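Source: prediction; values computed, not measured.
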Amino acid sequence: MHKLKSVETLSCLITLAGGILLHFVYGWSGHSPLAAWIAPVNESVWEHLKLLFYPLLFVSIAEYYLLDQPDTDYWNIKTYAILIGMAFITAGFYTYSGILGFTWIPADIGLFFAGVILAFCYSCHYLKEGTRYTLSNIPFFLILAVCALAFILFTWMPPHIALFAAP
């Protein structure tokens, strides 16, 4: 139990740091197309969801082995955590910017931090509970794969809706 909380806390901090660094990777890479697969290429909400998705996914892979392949539906829980974090950021951004009528960088940063923390609170709670969904991991791996492919595809061919446009 204590190991889980310690690993989840460390993973949360690494995810936050990774997301912060990832924000600058595309520029640092000289606008490399490969960097664009995982790093935001513009200021759209969609592109900034990569800041949560990829660091949390990569940390979850490492965490799976650190926790000695937990006896829970680990990948189901982590997939939900990633989706909850991204949904929170998206809903929070459109709610606050819709109310204020403008965007505010400190609020955007706060939403990122809150989304990551929420994702880890969710996963820690359900991993601690030992939750078993009785579903195969395959649908959850597919969800993560579709998200990763969508980030790549919509980086190069974004639909013409607000989620993909820079505010």
query: Do you reckon V146 sits in the same ILVMFWY cluster as F141, going by side-chain contacts under 4.5 Å, direct or chained?
result: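 V146 and F141: separate clusters.
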- Message: Do I77 and Y65 land in one hydrophobic cluster if side-chain heavy atoms of ILVMFWY residues count as linked below 4.5 Å?
- Response: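 Yes, I77 and Y65 fall within the same hydrophobic cluster.
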Could you tell me whether the side chain of [Y] reaches within less than 4.5 Å of the side chain of [X], counting heavy atoms only?
X: T15; Y: L52; result: no
X: P159; Y: F154; result: yes
X: F164; Y: V45; result: no
X: C147; Y: I82; result: no
X: V25; Y: I38; result: no

Checklist entry - For the residue pair W104 and Y96, what are the closest heavy atoms and their distance? => result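 Where W104 meets Y96 most closely, the heavy atoms are N-OH, 2.8 Å.
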Output the distance between atom [atom1] ([X]) and atom [atom2] ([Y]), rounded to the nearest 0.5 Å.
X: N76; Y: Y74; atom1: CG; atom2: OH; value: 11.5 Å
X: L66; Y: E8; atom1: CG; atom2: CD; value: 10.5 Å
X: N42; Y: T155; atom1: CG; atom2: OG1; value: 8.0 Å

request  = Begin with the C-alpha distance, continue with both residues' side-chain angles, and end with the deciding distance and a verdict on ring-ring contact (aromatic ring centres under 6.0 Å, His included) for W46 and F151.
outcome  = CA-CA 8 Å; W46 174 258; F151 279 122; 4.5 Å; yes
For [X] and [Y], I'd like to know if the aromatic rings sit close, meaning centre-to-centre distance below 6.0 Å.
X: Y54; Y: W37; result: no
X: Y80; Y: Y126; result: no
X: H48; Y: F112; result: no

#### Entry: SB check E63 K3 (cutoff 4.0 Å)
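K3 and E63: not salt-bridged.
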What verdict does the side-chain contact (heavy atoms from CB on, under 4.5 Å) test give for Y122 and H125, after you've listed the backbone C-alpha separation in whole Å, the side-chain angles of each residue and the deciding distance to 0.1 Å? CA-CA 5 Å; Y122 173 87; H125 173 76; 6.0 Å; no
Is it the case that the side chain of S32 and the backbone of S29 share a donor-acceptor pair, with hydrogens and angles ignored and the cut-off at 3.5 Å?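 No; zero donor-acceptor contacts below 3.5 Å.
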